[in-house]
Novice: 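Quick one: structure below, then a few questions.
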Amino acid sequence: MRGSISYDAVIVGAGPAGLLCGRLMVEKGYRVLVIEARPEIDDKVCGAYLCPAGVELLKAMDLLPAMESLFEPVHGMILSSPDGQLLQTYFAGADARRTGCHPYGLSLDRRRFDGFLAGDYLHSGGELIFGQRLIALAQTSLGWSLKTSGGYAISTALLIGADGRKSVVSRHLGLSRSMPHRRLAVHATLQSIKANPRMGEMHLFDAADYIGLNPVDDGLVNVSWVCRKEDLEGQSSSSALRRRIQQSPNLRNRFAWYAKVETQVTCPITHRVRGCVGPQAALIGDASGFVDPLTGEGIYVALKTASMLVACLPGPANQTQTALARSLRAYQQQRRLDLASKAIISRIFQHMIHRPKWCNRLRHYLAGSSTRGDAFIGLIGNVSRPGRAIWNMALS
Ligand SMILES: Cc1cc2nc3c(=O)[nH]c(=O)nc-3n(C[C@H](O)[C@H](O)[C@H](O)COP(=O)(O)OP(=O)(O)OC[C@H]3O[C@@H](n4cnc5c(N)ncnc54)[C@H](O)[C@@H]3O)c2cc1C
């Protein structure tokens with residue numbers, strides 16, 4: 001066992017939520033440690049599209065110039081309904097001018113994006129240890145004591161769970177809601193036959209499964225297929241993905257299948273919680289709740305909840321237990337106010353994808369006017385608030 005060490009705040013998980021939260025807390029004067037189970041920053045199963053509201057957040061954190069030099073823009077989304085009809089939509093045509101939101105998203109590479117955030121956090125003065133999985137947690141009179149897989153014993157006044165959809169912290173705090181996990185995601189990077197448009201794509205199918213595409217560069221496309229576990233039975237994930245793509249008239253001639261395609265599979269793809277704070281503890285990012293990858297806003301929510309939490313915290317000098325409890329309650333309330341209406345919309349979409357006829361009708365309705373389609377993609381990309389976006393759709 002290594003010696004015991006103590007920090008003002010310990011963040012579990014070095015994803016976008018944990019790393020941005022770490023940087024903002026160091027700037028607020030906290031002594032922060034991030035612990036990460038993986039041995040290094042690596043790729044993740046993720047469509048890696050950052051919605052315009054996420055880009056806007058990067059701008060507010062002074063990170064946009066560097067990010068724009070690393071990553072290409074995504075100008076909108078091509079939506080394909082289960083009947084195979086296409087609809088092209090643009091973020092710039094949504095309410096961006098009125099809301100002041102950035103008019104395009106970014107196509108990230110998760111290893112480089114998370115790596116950049118890690119460098120930014122370390123540069124701010126925070127500490128990060130890799131290869132340390134949180135394995136035990138206990139509440140103490142001063143806060144929390146943690147044990148890691150590599151034998152560290154750590155104590156902290158404030159524990160932050162940024163440990164993703166399988167969050168150990170949320171389970172330990174009794175905040176995770178158990179639910180059956182019937183769906184999984186298959187992920188691959190495929191070689192495109194033609195140059196990619198700088199557009200994301202979402203292809204919905206009759207069996208309530210869907211494929212999201214994000215152009216990595218001219219030649220490569222990030223492909224995520226969300227399907228039922230039964231869709232893989234009796235075949236490898238790469239054969240199942242290839243078969244699914246070849247069944248779609250819009251996708252079958254898009255990719256070159258030169259060699260065996262490397263796929264990654266992940267499950268669960270959702271995470272429900274009862275709340276996002278506990279005694280001297282808070283959850284951010286996917287750990288604080290994740291509906292499904294359909295609307296492609298997980299990274300935005302990770303960055304948003306991180307900045308929201310730090311804005312509510314009192315600063316280490318004023319961090320009495322009472323002040324901390326008050327600020328954690330404020331964070332929980334703020335998270336609900338800001339994100340609950342979109343989470344409801346995302347759940348409605350989850351019901352809709354099980355009803356292909358409804359999806360076909362929605363595409364048909366959106367195709368009735370280009371501003372309607374753009375208002376819809378503004379809703380998905382968080383360019384405008386749900387009420388406003390629905391109002392814009394109704395007016396167009
Ligand atoms: C198929 C799929 C496609 C997606 N596509 C998109 C998309 O296009 N756009 C988008 O915005 N979002 C997308 N998402 C969601 C996005 O990937 C997540 O919302 C985002 O990564 C959340 O960031 P985070 O920091 O909360 O968690 P994560 O990025 O998951 O980071 C959590 C970290 O915690 C670490 N960890 C876990 N347990 C422990 C432990 N016990 N001890 C120490 N460390 C631990 C993990 O190793 C990990 O590095 C997609 C998700 C899926 C499944």
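Numbering of ligands and ligand atoms starts at 1, following listing order. All figures in this text were calculated on a predicted structure; none of them were measured in a lab.
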Novice: Rounded to the nearest 0.5 Å, how far apart are CG of D292 and CD of E297?
Specialist: 10.5 Å
Novice: Between S107 and R198, do the side chains contain an N or O donor and an N or O acceptor separated by less than 3.5 Å?
Specialist: yes
Novice: Do R388 and T99 have a side chain donor and acceptor closer than 3.5 Å?
Specialist: no
Novice: Which option wins on minimum heavy-atom distance to atom 16 (C) of ligand 1: C21, C46, A17?
Specialist: C46
Novice: Could you check L213, I193, V261 and say which one makes a side-chain contact (heavy atoms from CB on, under 4.5 Å) with F255?
Specialist: L213
Novice: Provide, to 0.1 Å, the distance between atom 7 (C) of ligand 1 and the closest protein heavy atom, together with that atom's residue and name.
Specialist: A48 N, 3.5 Å
Novice: Just checking, is any N or O donor in the side chain of S81 or D83 under 3.5 Å from an acceptor N or O on the other one?
Specialist: yes
Novice: Applying a 4.0 Å heavy-atom criterion (strictly less than), which segment of A37 is in contact with ligand 1: side chain, backbone, both, or neither?
Specialist: both
Novice: Looking at ligand 1, does any of its N/O atoms fall within less than 3.5 Å of an N/O of G298?
Specialist: yes
Novice: Heavy atom under 4.0 Å from ligand 1: found in V168's side chain, backbone, both, or neither?
Specialist: side chain
Novice: Between atom SG of C312 and atom CZ of R335, what is the distance when rounded to the nearest 0.5 Å?
Specialist: 12.5 Å
Novice: What I want to know is whether G47 and ligand 1 share at least one N or O pair that is separated by under 3.5 angstrom.
Specialist: yes
Novice: So is there a nitrogen or oxygen of A302 less than 3.5 Å from a nitrogen or oxygen in ligand 1?
Specialist: no
Novice: For Y49 and L106, indicate whether the former's side chain and the latter's backbone hold a donor-acceptor pair under 3.5 Å.
Specialist: no
Novice: Find out whether S307 and L24 are in side-chain contact, i.e. whether some heavy atom of one side chain is under 4.5 Å from a heavy atom of the other.
Specialist: yes
Novice: What protein heavy atom sits nearest atom 42 (N) of ligand 1, and how far away is it?
Specialist: L134 N, 2.9 Å
Novice: Tell me, which protein residue and heavy-atom name are nearest atom 38 (N) of ligand 1, and how many Å apart are they?
Specialist: D163 CB, 3.6 Å
Novice: Salt-bridge test for R23 and E27: reply yes if a basic N is under 4.0 Å from a carboxylate O, no otherwise.
Specialist: yes
Novice: Check each atom of ligand 1 against the heavy atoms of Y49 and keep those under 4.0 Å away; list them by number with element.
Specialist: 7 (C), 8 (O), 9 (N), 10 (C), 11 (O)
Novice: Assess, by modelled atom type and distance only, whether the side chains of S238 and T263 contain a donor and an acceptor separated by less than 3.5 Å.
Specialist: no
Novice: Please identify which atoms of ligand 1 are closer than 4.0 Å to at least one heavy atom of G296.
Specialist: 9 (N), 10 (C), 11 (O)
Novice: Less than 3.5 Å apart, which donor and acceptor atoms pair up between the side chains of residues 133-142 and the rest of the protein, not counting sequence neighbours?
Specialist:
from	atom 1	to	atom 2	distance (Å)
T140	OG1	L142	N	3.3
T140	OG1	G143	N	3.0
T140	OG1	G143	O	3.3

Novice: Which residue from G13, C51, P293 reaches closest to atom 2 (C) of ligand 1 through any of its heavy atoms?
Specialist: P293
Novice: I need the atoms of ligand 1 closer than 4.0 Å to a non-hydrogen atom of G285, numbered in the order shown.
Specialist: 26 (O)
Novice: For R110, is at least one N or O under 3.5 Å away from an N or O on ligand 1?
Specialist: yes
Novice: Which residue holds the protein heavy atom closest to atom 53 (C) of ligand 1, what is that atom called, and what is the gap in Å?
Specialist: R165 NH1, 3.7 Å
Novice: Using a strict cut-off of 4.0 Å, indicate which atoms of ligand 1 neighbour a heavy atom of A185.
Specialist: 1 (C)
Novice: Answer yes or no: does an N/O atom from K44 fall short of 3.5 Å to an N/O atom of ligand 1?
Specialist: yes
Novice: Should you measure from each heavy atom of A162, which atoms of ligand 1 turn up under 4.0 Å away?
Specialist: 32 (C), 33 (C), 34 (O)
Novice: Check each heavy atom of V12 against ligand 1 and say whether those closer than 4.0 Å belong to the side chain, the backbone, both or neither.
Specialist: side chain
Novice: What is the closest protein heavy atom to atom 15 (C) of ligand 1, and at what distance does it sit?
Specialist: F290 CZ, 3.6 Å
Novice: Pairs of nitrogen or oxygen atoms closer than 3.5 Å, one from D286 and one from ligand 1: do any exist?
Specialist: yes
Novice: State whether the shortest distance between N or O atoms of E36 and N or O atoms of ligand 1 falls below 3.5 angstrom.
Specialist: yes
Novice: Return yes when R133 approaches ligand 1 closer than 4.0 angstrom through a heavy atom, no otherwise.
Specialist: yes
Novice: Check each of V12, L309, V310 against I160 using the side-chain contact (heavy atoms from CB on, under 4.5 Å) test, and report the only one that passes.
Specialist: L309
Novice: Taking atom NE2 as the centre, does H123 end up with more than 12 heavy-atom neighbours from other residues, nucleotides or ligands that are less than 6.0 angstrom away?
Specialist: no
Novice: May I ask you to check if R31 and Y7 form a cation-pi contact, with NZ or CZ under 6.0 angstrom from the six-membered ring centre and within 45° of the axis?
Specialist: yes
Novice: Kindly confirm or rule out an N or O of I299 lying under 3.5 angstrom from an N or O of ligand 1.
Specialist: yes
Novice: Starting from atom 27 (O) of ligand 1, locate the nearest protein heavy atom and write down its residue, its atom name and how far away it is, to 0.1 Å.
Specialist: G164 CA, 3.9 Å
Novice: Side-chain donor-acceptor contacts of residues 61-77 below 3.5 Å, not counting sequence neighbours, with atom names and distances?
Specialist:
from	atom 1	to	atom 2	distance (Å)
E68	OE2	Y104	OH	2.5
S69	OG	A66	O	2.6

Novice: Using a 4.0 Å cutoff against the non-hydrogen atoms of R38, which atoms of ligand 1 qualify?
Specialist: 47 (O), 49 (O)
